[in-house]
Amino acid sequence: MANILAADLYCDIPADTRHRWREYVPGLTVVLLGTLAAGFLSDHYGAPLTLMALLLGLALNFLSTDKRLLPGLGFASRTLLRWGIVLLGMRVTAAQIADLGPVALLCVIAIVALTIGSGVLAARWLKLGTNFGLLAGGSVAICGASAAMALATTLGSRRVNDANLSLVLVGISAMSATAMMLYPVAAHMLGLSDMQAGFLLGASIHDVAQALGAGYAYSVGAGQIAAIVKLSRVALLAPILAIITLFLRDERRERIGVPWFVVGFFGLAGVNSLGLIPSVAAGLSTQAASAFLAAAVTATAIRSPLASLMKTGARPILTILAATIVAFLLSLLAALLAIR
């Protein structure tokens, strides 16, 4: 229970009723089958795993009315998500960030901050609220669907519901795929060097796999730079969650402690930076993180109230688009002026 309350920052998600292990089996079985199907499609057709998990989850949305599945779906969308966030810490090390250099690192931090700010401003202008802006802007700024899931958990379901999250996941997946195809073409047209192109692609494309795919499509050198830049953005996930935790106030409390999964993210990243984790274990942890996050996306899509998705019109997508454009323009400006 303590872990649940620590992760649910504002205590606005009703506490899970205690269930016997058998009651989790039906929902987790559906999630497992959906995630395995998503993995099969991703491996065979080169599509992003989270996108396939999202689409399959939405296709299975009719199952959300079956109460027998709710315990397992809730476990997958909360507990597996939080452990997936912890395991994301295995993707980054302090050495990777240091290799980027101080100027490029400061540019990445500025781009992330301004992209989140643009998401908030766009959401408020479109009357979607600050919380949706944080969710959309943060997802664009950091690491796509993984950041969306982490931010939604941090903000709590009273501030961003499953419908909001599903809209962001759909928009992020579509725009990240589009960016992967168009941004390398733009980099070639502008005659960017490998260093500049790698920075642009790593700093602006939403999803980790697609940022790396675009980088290596440009050149091997650009792919290596894109990987470091993108992982630096991933490393900013935990600080952003901590900042949201510390500065957003709740009506019932003055301040809320840092969620346990944020501490776990930092802890694993620190241990990984010291080289204490064997490469085999690090690889398995990274695969487990992807699997847990895909399972959480599948469960969230199954639970999403699809009727609510149609009520907001194009405004959520416009918010994501605004943040995407800002991220690209800022990354391009930094690549042209600060990266050599």
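Throughout, residue positions are numbered sequentially from 1 according to the sequence presented.
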Please determine whether residues [X] and [Y] belong to a single hydrophobic cluster, defined as Ile, Leu, Val, Met, Phe, Trp and Tyr linked transitively by side-chain heavy-atom distances below 4.5 Å.
| X | Y | answer |
| --- | --- | --- |
| L121 | I244 | no |
| L32 | V25 | no |
| L106 | M195 | no |
| L284 | L80 | no |
| I109 | V103 | no |

Can you tell me how far the [atom1] atom of [X] sits from the [atom2] atom of [Y], to the nearest 0.5 Å?
| X | Y | atom1 | atom2 | result |
| --- | --- | --- | --- | --- |
| L318 | L126 | CG | CG | 6.0 Å |
| Q196 | Y218 | CD | OH | 8.0 Å |
| R315 | F132 | CZ | CZ | 9.5 Å |
| F40 | T35 | CZ | OG1 | 15.0 Å |
| L105 | L236 | CG | CG | 7.5 Å |
| F199 | L192 | CZ | CG | 11.5 Å |

Can you find a heavy atom in the side chain of [X] that is under 4.5 Å from one in the side chain of [Y]?
| X | Y | value |
| --- | --- | --- |
| L190 | L332 | yes |
| V108 | V229 | yes |
| L134 | L151 | no |

- Query: Strictly by modelled atom types, are H206 and S139 linked by a side-chain donor-acceptor pair under 3.5 Å?
  - Reply: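 Looking only at side-chain atoms, S139 and H206 do not form any donor-acceptor pair under 3.5 Å.
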- Before giving the answer on side chain to side chain contact (heavy atoms under 4.5 Å, CB included), spell out for M175 and I317 the whole-Å C-alpha distance, their side-chain angles and the decisive distance to 0.1 Å. CA-CA 10 Å; M175 292 186 194; I317 302 301; 3.6 Å; yes
- Query: In a check of side chain to side chain contact (heavy atoms under 4.5 Å, CB included) between L135 and each of I320, T319, V168, I116, which one passes?
  - Reply: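 Result for side chain to side chain contact (heavy atoms under 4.5 Å, CB included) with L135: V168.
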- Task: Scan T324, L167, V140 and name whichever one has a side chain to side chain contact (heavy atoms under 4.5 Å, CB included) with I172.
- Result: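 Only match with I172 under side chain to side chain contact (heavy atoms under 4.5 Å, CB included): V140.
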Between [X] and [Y], which heavy-atom pair has the shortest distance, and what is it?
| X | Y | result |
| --- | --- | --- |
| L87 | A288 | CD1-CB, 3.7 Å |
| I111 | A203 | CG2-O, 4.1 Å |
| G137 | A323 | CA-CB, 4.3 Å |
| G138 | A147 | O-CB, 3.9 Å |
| A76 | A295 | CB-O, 4.3 Å |
| A150 | L237 | CB-CD1, 4.1 Å |

- Item | Pair L200-F328, side chain to side chain contact (heavy atoms under 4.5 Å, CB included): steps then yes or no | CA-CA 7 Å; L200 169 65; F328 175 77; 3.9 Å; yes
Would you find a donor on one side and an acceptor on the other, under 3.5 Å apart, between the side chain of [X] and the backbone of [Y]?
| X | Y | value |
| --- | --- | --- |
| S118 | T115 | yes |
| S331 | A327 | yes |
| R233 | G202 | yes |
| K230 | I225 | no |

- Residue pairs involving residues 41-67 (criterion salt bridge (charged side-chain N to carboxylate O under 4.0 Å, His left out); sequence neighbours excluded): D66-R68
- Query: In chain order, what residues pass the side-chain contact (heavy atoms from CB on, under 4.5 Å) check against L60, with sequence neighbours excluded?
  - Reply: V30, F62, L63, I302
- Message: I'd like to check the side-chain contact (heavy atoms from CB on, under 4.5 Å) partners of V185; sequence neighbours left out, ordered by chain and number.
- Response: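 With sequence neighbours excluded, V185 shows a side-chain contact (heavy atoms from CB on, under 4.5 Å) to M189, given in chain and number order.
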- Message: Between L55 and L41, does the side chain to side chain contact (heavy atoms under 4.5 Å, CB included) criterion hold? Intermediate values first, please.
- Response: CA-CA 11 Å; L55 294 177; L41 293 173; over 6 Å; no
